[in-house]
There are 2 protein chains.
Amino acid sequence: MSIQTRRERERAERERLIVTAARELAEAEGWDAVTTRRLAAEIEYSQPVLYSHFKGKGAIMAAVAVQGCADLAQEMRTARTAAKGVREALAAVGEAYTTFGRRRPALYDAMFTHAVDLPFATPEAPAALQEAFGELVQAVEPIAARGDDVGLLTETYWAGLHGLVTLMRSGRLPEEAHEQRLALLIGHFTAGMGAGAETGTD
Amino acid sequence: MSIQTRRERERAERERLIVTAARELAEAEGWDAVTTRRLAAEIEYSQPVLYSHFKGKGAIMAAVAVQGCADLAQEMRTARTAAKGVREALAAVGEAYTTFGRRRPALYDAMFTHAVDLPFATPEAPAALQEAFGELVQAVEPIAARGDDVGLLTETYWAGLHGLVTLMRSGRLPEEAHEQRLALLIGHFTAGMGAGAETGTD
DNA sequence: ACAGATTGGCTAGCACTGCTAGGATTCCTG
DNA sequence: CAGGAATCCTAGCAGTGCTAGCCAATCTGT
């Protein structure tokens, strides 16, 4: 039994090694540089080892994406809990989100543009993923009007943020005015809120 | 001289042939199916011919993207001019945009997710591209508040639409509630508008 | 402690990609 | 009709994701 568990532990460790190596390589040189050969060299094993852990390159990217979701969730949570009011919380989360997308583009792409074989809008979605979305929900919920479906509103806000990030990162939108665009988006989502809703950060 | 012009005409025709073949193949089977070999077979020439017209596959995709922008611009214009009021126009354009993205995913991807070697937010951007953006601007301009930068507001609205399309198409957002999300986005962009602004469709 | 079964990892290779060099064939010019 | 030039194709390069099959190290039962 002990031998079995040791082997499983070593396997799990190597799996983590693969994922972190893929993430670091992608963040350093982009996903194009993450070839199976390069990745195998990085972890000092041969290519087929990768396929004994993951079904393919896509699965490795998906694993990286899940890690990235955990990071993003944490950054959004930090931003949200540090904000003073509900409008500020929404703004802080939006800024945390877009900052994440700009500062870690490879990670962002793995999470939200590539790697479609992850279940997203279902209960089977990885926990980290639901956490990240949950952070958005918690930021959006207080600004929802009566009768609004909070989930749908959150998805819409998310889409706005995602659009800003991807269009900017691909050069379709100039980087300079990002803050103003973000402010516009947030402004339109918090418009119509009575000033009395300021109380209650959590 | 006449021979020269005939050859140039034939070249231009073949170039159009390449672009339309690429577009049709992409729309039928996705961009992954558009390999240079496959495309060459489709136009009944050998591979290197492609490279005598375009710098590479990316350039071909860019040409397809420009065509797609013209299509999108026209569809948005039709929707906008058929709408009764300014709110309706914004909604109609938004719906035309997202419908385009869903009905012609390959074309949409060439325009807004791949093919980054096109100049976008500059005066050197292709005419079709500026036309498409111009349609958005014309729909957004009437709902802009005093002091709003219409360009920035349009970019923000665009980002919202783009986010909805891409997240939905990649399976991150369920398709069912698309109409509701779109309505939410439009609603938040037209909020705060006095009811008196209804007049003046063009 | 030793033969045998089993697991594990590696070497080599497949089918494919975008792209290019060089030769052959066709075409126009004098 | 010969010479020259433009055009197009065959063949190949370096790289991709992924896999089959062998070889060696490891664990098992006696």
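Throughout, protein chains are lettered first and strands after them, A, B, ... in sequence-line order, and every chain is numbered starting at 1. Side chains included, hydrogens not; waters and symmetry mates left out as well; all remaining heavy atoms used.
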Which nucleotide in [options] has an atom nearest any side-chain atom of [X]:
X	options	result
A:Y45	C:dG13, C:dC10, D:dC9	C:dC10
A:Q47	C:dC10, C:dG9, C:dA12	C:dA12
B:V49	D:dC8, C:dG9, C:dC19	D:dC8

Expressed as a whole number of angstroms, how long is the span from [X]:[atom1] to [N]:[atom2]?
X	N	atom1	atom2	value
A:F54	D:dT19	CZ	C1'	18 Å
B:K57	D:dT16	NZ	P	16 Å
B:L50	D:dT7	CG	P	16 Å
B:H114	C:dG18	NE2	P	13 Å
B:H53	D:dC9	NE2	P	10 Å
A:E15	C:dG9	CD	P	12 Å
A:K55	D:dT19	NZ	C1'	15 Å
B:E10	D:dA6	CD	P	16 Å

Going by the rule side-chain contact (heavy atoms from CB on, under 4.5 Å), which residues pair with [X] if we only count those two or more places apart in sequence or in a different chain?
X	answer
B:F54	B:E15, B:I18, B:V19, B:A59, B:I60, B:A63
B:D117	B:A62, B:A115
A:H178	A:T98, A:R102, A:M168, A:R181, A:L182
A:R38	A:L25, A:E29, A:A33, A:T35, A:E42

Side chain to side chain contact (heavy atoms under 4.5 Å, CB included) between B:V140 and B:W158, intermediate numbers included: CA-CA 10 Å; B:V140 168; B:W158 177 27; over 6 Å; no

Counterpart residues, side chain to side chain donor-acceptor pair (under 3.5 Å), relative to B:Q67 (two or more places apart): B:R23

Atom CD of A:Q74: over 12 foreign heavy atoms under 6.0 Å: no

Intra- and interstrand pairs of DNA chain C - dot-bracket, Watson-Crick/G-U under 3.5 Å, | marks other strand: ||||||||||||||||||||||||||||||

Nucleic acid contacts - residues 27-44 of chain B versus DNA chain C, non-hydrogen atoms under 4.0 Å: B:V34, B:T35, B:T36, B:R37

Counterpart residues, salt bridge (charged side-chain N to carboxylate O under 4.0 Å, His left out), relative to A:D71 (two or more places apart): A:R104

Donor-acceptor contacts under 3.5 Å from residues 118-129 of chain A side chains, at least two apart:
residue, atom, partner, partner atom, Å
A:T122, OG1, A:E124, N, 3.4
A:T122, OG1, A:E124, OE1, 3.2

Phosphate OP1/OP2 of C:dC19 contacted by B:Y51 side-chain N/O (<4.0 Å): yes

